[in-house]
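Excluded from the calculations below are hydrogen atoms, water molecules and symmetry mates; all remaining heavy atoms, backbone and side chain alike, are included. Whatever order the structure lists ligands and atoms in, that order sets their numbers, starting from 1. By convention here, the first residue in the shown sequence is residue 1.
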Amino acid sequence: MLEKSVESVKCLILGSGPAGLTAAIYAARADLKPVLYQGLQPGGQLTITTDVENFPGYPQGVNGPQMMEDIKNQALRFDADIRWGIATKADLSERPFKIWIDETHKILADTLIIATGASARWLGMESEQKFNGYGVSACATCDGFFYRGMDVAVIGGGDTACEEASYLSKLARKVYLIHRRDELRASKAMQNRIFKTPNIELVWDSVPQEILGDKTVKSIKLQNVKTGIYNELPVEGVFVAIGHKPNSELFVEQLNLDENGYIITEAGTTRTNIPGVFAAGDIQDHVYRQAVTAAASGCMAAIDAERWLASLDD
Ligand code: NDP
């Protein structure tokens with residue numbers, strides 16, 4: 001590793017979703033001079049969503065990327081130092097904590113707020129990887145445009161899958177929503193929207209076996225889990241929407257994680273097992289996973305960090 005520069009900061013925040021940016025707003029206002037690295041997906045998961053209708057304060061709804069831009073601008077207004085860069089290594093064994101950005105820039109942080117969120121999960125088929133970017137996607141908002149007038153499939157039965165199907169129904173000719181059970185997990189409001197959309201067809205009890213094509217996707221092979229019968233649906237796009245995994249790889253064997261890799265925090269706080277290290281947003285929440293709960297825990301993390309730093313002076 002080529003270490004080119006070293007810097008000391010009072011409060012380092014990793015992640016730029018609602019949790020990280022809200023932590024930055026609070027930390028900046030508390031004069032912790034936070035430095036925030038945006039990570040692999042600046043703005044977080046909301047930048048790949050469409051309308052957000054449940055964040056308080058937006059009676060007409062707001063689109064995800066716009067909301068993230070608004071929160072970022074709010075943090076910048078209080079002089080939060082928001083930077084491009086990815087944390088590539090962490091050493092939390094002693095204070096100050098050491099975090100390497102893009103392998104070459106070493107940060108010595110008095111306190112660390114981890115808000116690195118969660119990323120899309122994949123089905124794990126070889127053909128899914130082969131066609132990634134050539135007909136397979138995990139983001140309808142990013143890629144739906146390419147499938148105007150075509151037939152596409154969405155895999156999953158949660159709110160994300162339904163949201164993706166609903167978005168795609170406005171562009172594609174037909175959308176197959178393929179779910180492994182005979183009942184959707186999504187909220188009732190979302191289900192109603194799906195059932196009312198004429199060009200969305202539910203394909204129940206079906207598990208993808210393979211994605212077929214040559215250079216691009218031509219069809220998806222499914223197996224009905226109840227009958228065992230195989231079926232091939234001609235589609236040109238496959239959108240995988242089966243949930244997320246927490247971005248906690250950097251902290252394995254340093255922080256206490258649960259069996260799915262989510263950081264464990266002390267109930268009612270954002271404290272991890274290492275004093276001075278806090279976790280906020282989806283990286284520590286597999287239950288609520290909402291923008292508003294992520295933002296709230298970002299606020300908690302900044303307050304926890306501020307009080308922890310103050311306690312060192314006592
Ligand atoms: P969920 O975990 O809620 O749903 C994942 C879906 O994928 C489930 O239906 C699951 O099936 C299915 N699935 C999982 N693994 C596989 C697999 N290997 N093969 C086939 N199917 C699989 O994730 P979401 O991303 O949909 O939602 C996450 C959270 O975010 C939820 O709390 C949701 O409410 C929230 N959300 C809210 C939105 C909004 O309010 N606008 C928009 C998007 C998300 P099964 O049901 O059988 O387990």
Item to complete: Taking the side chain as every heavy atom from C-beta outward, state whether Tyr147 and Leu171 have any pair of such atoms under 4.5 Å apart.
Response: no

Worksheet item: Taking the minimum heavy-atom distance to atom 6 (C) of ligand 1, which of Ser206, Ser187, Gly64, Gly157 ranks first?
Response: Gly157

Discussion item. Is a donor from one side chain sitting under 3.5 angstrom from an acceptor on the other, for Glu103 and Thr88?
Written reply: no

Worksheet entry | Single-linkage hydrophobic cluster Leu76~Val9, side-chain heavy atoms < 4.5 angstrom | no

Worksheet item: Against heavy atoms of Asn54, which atoms of ligand 1 measure under 4.0 Å?
Response: 40 (O)

Worksheet item: Measuring from the heavy atoms of Glu53, does anything fall under 4.0 Å of ligand 1?
Response: no

Practice prompt. Please report the shortest heavy-atom distance between Arg271 and Asp304, naming the atom on each side.
Written response: N-OD2, 4.2 Å

Response to the item:
One finds that the ligand 1 atoms under 4.0 Å from a non-hydrogen atom of Arg181 are 45 (P), 46 (O), 47 (O)

Worksheet item: Do any nitrogen or oxygen atoms of Gly156 come within less than 3.5 Å of a nitrogen or oxygen of ligand 1?
Response: no

Using distance only, find each side-chain donor-acceptor pair of residues 287-296 under 3.5 Å and give its atom names and separation, not counting sequence neighbours.
unit_1 : atom_1 : unit_2 : atom_2 : d
Arg289 : NE     : His286 : O      : 3.4
Gln290 : NE2    : Tyr288 : O      : 2.9
Thr293 : OG1    : Gln290 : N      : 3.1
Thr293 : OG1    : Gln290 : O      : 3.0

Worksheet item: For ligand 1, is any non-hydrogen atom under 4.0 Å from Leu184's backbone (N, CA, C, O), its side chain (CB onward), both, or neither?
Response: neither

Worksheet item: For the residue pair Lys10 and Leu32, what are the closest heavy atoms and their distance?
Response: CB-O, 3.4 Å

Worksheet item: Short list, please: which atoms of ligand 1 are under 4.0 Å from a heavy atom of His244?
Response: 25 (O)

Worksheet item: Can you find a side-chain donor-acceptor pair between Gln66 and Asp70 that sits under 3.5 Å?
Response: yes

Worksheet item: Against heavy atoms of Glu163, which atoms of ligand 1 measure under 4.0 Å?
Response: 41 (N), 42 (C)

Discussion item. Under 4.0 Å, counting heavy atoms only: does Glu183 come that close to any atom of ligand 1?
Written reply: no

Worksheet item: Which option out of Arg180, Arg289, Arg185 puts a heavy atom nearest to atom 4 (O) of ligand 1?
Response: Arg185

Enumerate, atom names and distances included, each donor-acceptor pair closer than 3.5 Å involving a side-chain atom of residues 117-127, sequence neighbours excluded.
unit_1 : atom_1 : unit_2 : atom_2 : d
Ser119 : OG     : Asn247 : OD1    : 2.8
Ser119 : OG     : Asn247 : ND2    : 3.1
Ser127 : OG     : Ile211 : N      : 2.9

Discussion item. Measuring from atom 43 (C) of ligand 1, which candidate in Thr160, Asp282, Val207 has the nearest non-hydrogen atom?
Written reply: Thr160

